[in-house]
Each structure stands twice: as C-alpha cells, then as structure tokens.
Chemist: 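Pasting a structure here, questions to come.
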Amino acid sequence: MTRSTADGPAPRGRSRRSFAGARPVMDDVARLAGVSKQTVSRVLNDHPAVRPETRAAVLDAMRALGYRPSRSARSLASGRTRMVGVISFDAARYGPASILTAINTAAQGAGYLVSSIALDTAERDTVVRAVDTLSAEGADGVIAIAPQRRVGTALAEARIDTPMVVLENDLGGRTPLITADSWAGARAATGHLLRLGHTTVHHIAGPTGWTSADVRTDSWRETLTAAGAEVPDALIGDWSADSGYELGRRLARRPDVTAVFASNDQMALGLLRALHEAGRRVPDDVSVVGYDDIPEAAHLLPPLTTVRTDFAEIGSRALRLLLDRIDGIDEPRVEPVVPVELIVRRSTGPAPAH
C-alpha cells in the first residue's frame, strides 16, 4: 500500500521547527491533529469508533511529524505488550526446536515478540516460576511445549491464570490443546509393514511417560492385535541415535526380525547402523520405518521411510489459537489435531522369503 508523504498543517500556535531534534510523542500527534491523546490511541489500535476524517487527520499528523509508535506506546494504548511466552522442555530435540522456530515465525507475522524459557525439569514449582517469569515480563499469553505427561500434570496443578495453549498434553478443562496425530501415524507405519507381508513388526519406542511415545506404542500394539499378528515386547529407547543403535544390535542378532518401526528418525538412524554392521540388508532382510521426517531422512542409505510431522503447522496453529484466547475467543477456530503423512522411501520392502 502506498501512503502519501505530503506535509500536513503546522500545529496551532507552534511551528513545526519546534519539534526538530526531539523524537515526537503521542501528545505531539494529538496536538497537531487537534484531537485528544485517547483518540490517537484509538487510531493506533484501529478502533472502529473513530470517524474517517478524524483518523485521516491523525495519520496525517503522524506522517508530518515522522511519528513511529513504539511497542511501549502500543502497549499502553491497547493494554497489551504484544509479546507471548513459550515454555519448552528438551528444546534441543528436532521436534520441539522446529515447533519453537515455527512459533517465532508466526508471531513475527502477527506483530508479536516471543520470549522463551527452556526447562530441564518438570517439577511443579519450576513450571510455575517459569510462567510467573513470563507474566512478569508482560506476556499476553503462554504456549507450553509439554511432551511429557508429568509436564502436563505440573501445568494442570499450577492453576495458571494467563491465557495458555499446551502442545502434546491434554490438561482437560478450558486449556486448549494442539497435537500431531501420533495414533494415526503409528497405525500407518505398522500397517504399511504388514501390507508388505511381514508377519509382525518390532518397535523401538520412545521413553515411557512421553505422550507421543506412549500413544505411538499403544497404536502399534493395537494395529498388530487387530491384524491378528504377534505383538512383540517393545524396546524402550531415549530418542537418541545411540539408543537406536544399542537396541538395534539386539534386534539384528535375531533372524526372525524382518520389520522394525522406530518412534523417531534418530533412533531409526542408529538402527540402520546396527543392521549394517550385522550384515542385515535394508530392506532386503529387514524393513525400517522411522518417525518425524527429519531433513536428513531422505539422504540416508537407504532413504528412510518415515511418518512426516508438520511441525511448522503445529507451531502456527498454536500461535493462532493463543491469540484467539488472548482476544477472549473461547471457541477454537483451528483444528487441534494436526494430520501426519507416511512418506514411503527405500528402507521398506516385501518380507523376505524363507
């Protein structure tokens, strides 16, 4: 949009030269436009009760003075800081880090700043202090990236008054939730392997107590049961490639293992190395499916079949939902469950003939 830069009239009884050398403030705009400071505030916040000719006079005065409203001026005018807080746990992992990046991008597009706190413990007092810190900084609302069930418990017990959106954990009540469809993703991964003719699917799970890990394990188990397949014991990893490698060495020694679903791509990466060292070919001897679709997944040898999680969409929806809560809109206008997609590459193939 192109805006006029034409000079407006000088303030009554005062030459424009008197403004030189000093940064104009809201009082100067009001004086030049011949309106109250409250009216300038309403124009800054696009209030519908301002008459068009008054709005034009204020905007002309702002242009004439070179007035640029500061964030603090907008905050005073609106009663908001236009800053949101984010609490994250295990922020170095690909998923949480990607979500935080997406929240920052969406917030910038909406004219908000983001203040984030990374926690390494989910104790209730720690969580409450984090929320209190963000509230003291003036956060209009908080997004909690809460992948562990105990984090959800701590948030629920904290009885937080600040508008909040939670990722992964359903706190019940009036706290809105955004989550990826881990149930559908695990079902798609397991079903894909069964359709390739594998009699069962082994599972390297994420750590117990992590919401997505528990949901994926339950879905894997139910999918096998529904298909009448044997349900092996799940092997519990810690999301790292190292744990995938160690558990993969155990699976690689078993000739009956022909298909493995890992609960994230990093553990699948460790599994691929263990199978390679044991002389088990992928996918000729063992098929492997990961989860998340990290950027490197398409470049592994072989390229990894995986379940793609749209972390950018999760972050964007979380921000939109939080802004609705800040505006007093209680009815969610975004879908809380973000779909996932099975990406079939070359790490999966038909079950080997025996």
Side-chain angles (χ1 to χ4, degrees), residues 90 92-98 182 185-210 212-214 216-217 219-221 223-224 229-309 340 342-354:
D90 205 19
R93 282 200 311 115
Y94 174 70
S98 299
S182 282
R187 183 178 60 210
T190 307
H192 170 65
L193 292 167
L194 291 175
R195 286 190 296 274
L196 288 170
H198 298 276
T199 57
T200 191
V201 178
H202 291 259
H203 184 40
I204 297 180
T208 303
W210 289 68
S212 58
D214 292 346
R216 290 168 198 171
T217 299
S219 179
W220 158 79
R221 188 177 290 116
T223 303
L224 290 179
E230 176 192 354
V231 182
D233 291 336
L235 302 180
I236 309 300
D238 63 6
W239 299 125
S240 71
D242 286 344
S243 70
Y245 173 71
E246 292 301 328
L247 296 172
R249 292 177 64 191
R250 291 165 55 180
L251 293 173
R253 291 193 291 265
R254 296 179 50 182
D256 61 314
V257 173
T258 66
V260 183
F261 163 44
S263 196
N264 78 338
D265 289 344
Q266 281 86 357
M267 292 192 298
L269 173 60
L271 168 63
L272 289 175
R273 177 190 167 193
L275 292 170
H276 173 75
E277 290 181 354
R280 304 291 301 278
R281 298 168 301 167
V282 177
D284 303 71
D285 301 320
V286 182
S287 287
V288 175
V289 178
Y291 206 105
D292 284 341
D293 194 27
I294 61 175
E296 298 82 6
H299 304 286
L300 299 176
L301 290 175
L304 182 65
T305 295
T306 186
V307 177
R308 176 177 294 162
T309 303
V340 297
L342 178 69
I343 306 298
V344 179
R345 297 192 179 106
R346 296 202 296 273
S347 68
T348 53
H354 291 290

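Below, each value reflects all heavy atoms present in this structure, side chains not excepted, and no hydrogens, waters or symmetry copies.
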Chemist: If every non-hydrogen atom of Ala234 is compared with every non-hydrogen atom of Thr217, which pair is closest and at what distance?
Modeler: CB-CG2, 4.4 Å
Chemist: State, yes or no, whether a side-chain contact exists between Phe261 and His202 at a heavy-atom distance under 4.5 Å.
Modeler: no
Chemist: Between Arg345 and Thr306, is any pair of side-chain heavy atoms under 4.5 Å apart?
Modeler: yes
Chemist: Okay, side chain of His198, backbone of Val257: is any donor-acceptor separation there less than 3.5 Å?
Modeler: no
Chemist: Quick check for you: to the nearest 0.5 Å, what is the distance between Leu342 atom CG and Thr348 atom OG1?
Modeler: 7.5 Å
Chemist: Which heavy-atom pair separates Gly248 from Leu271 by the least distance, and what is that distance?
Modeler: CA-CD1, 3.6 Å
Chemist: Judged by modelled atom types alone, do Thr223 and Thr190 share a side-chain donor-acceptor pair under 3.5 Å?
Modeler: no
Chemist: With a 4.5 Å heavy-atom cut-off, do Leu193 and Thr258 have their side chains touching?
Modeler: no
Chemist: Can a donor-acceptor pair be found between the side chains of His192 and Thr305 at a distance below 3.5 Å?
Modeler: no
Chemist: Can you measure from CD (Gln266) to CD1 (Ile294) and round to the nearest 0.5 angstrom?
Modeler: 4.5 Å
Chemist: Taking only residues at least two apart or on different chains, which pairs with a member in residues 283-292 satisfy salt bridge (charged side-chain N to carboxylate O under 4.0 Å, His left out)?
Modeler: Arg281-Asp285
Chemist: Checking the side chain of Arg280 only, and the main-chain atoms of Arg254 only, is there a donor and an acceptor separated by less than 3.5 Å?
Modeler: yes
Chemist: If I compare all heavy atoms of Ala213 with all of Pro207, which pair ends up nearest, and what's the gap?
Modeler: CB-O, 3.6 Å
Chemist: Under the 3.5 angstrom rule, does the side chain of Ser182 hit a backbone N or O of Arg216 as a donor-acceptor pair?
Modeler: no
Chemist: Flag the pair Ser263 / His203 as yes when at least one side-chain heavy-atom distance between them is below 4.5 Å, and no otherwise.
Modeler: yes
Chemist: What heavy-atom pair brings Val201 and Trp220 nearest, and what distance separates the two atoms?
Modeler: O-NE1, 2.9 Å
Chemist: Mind listing the closest non-hydrogen atom pair of Ala186 and Tyr291 along with its distance?
Modeler: N-CE1, 3.9 Å
Chemist: If you round to the nearest 0.5 Å, how far is CG of Leu300 from CG of Leu269?
Modeler: 5.5 Å
Chemist: Starting at OG1 of Thr309, measure out to CG of Asp293 and round the result to the nearest 0.5 Å.
Modeler: 8.5 Å
Chemist: Which one of Asn264, Val288, Leu247 satisfies the side-chain contact (heavy atoms from CB on, under 4.5 Å) criterion with Ile204?
Modeler: Leu247
Chemist: Kindly give the heavy-atom pair with the smallest separation between Asp238 and Ser243, and that separation in Å.
Modeler: OD1-OG, 2.9 Å
Chemist: What is the distance from atom CD1 of Ile343 to atom CG of Leu304, rounded to the nearest 0.5 Å?
Modeler: 11.0 Å
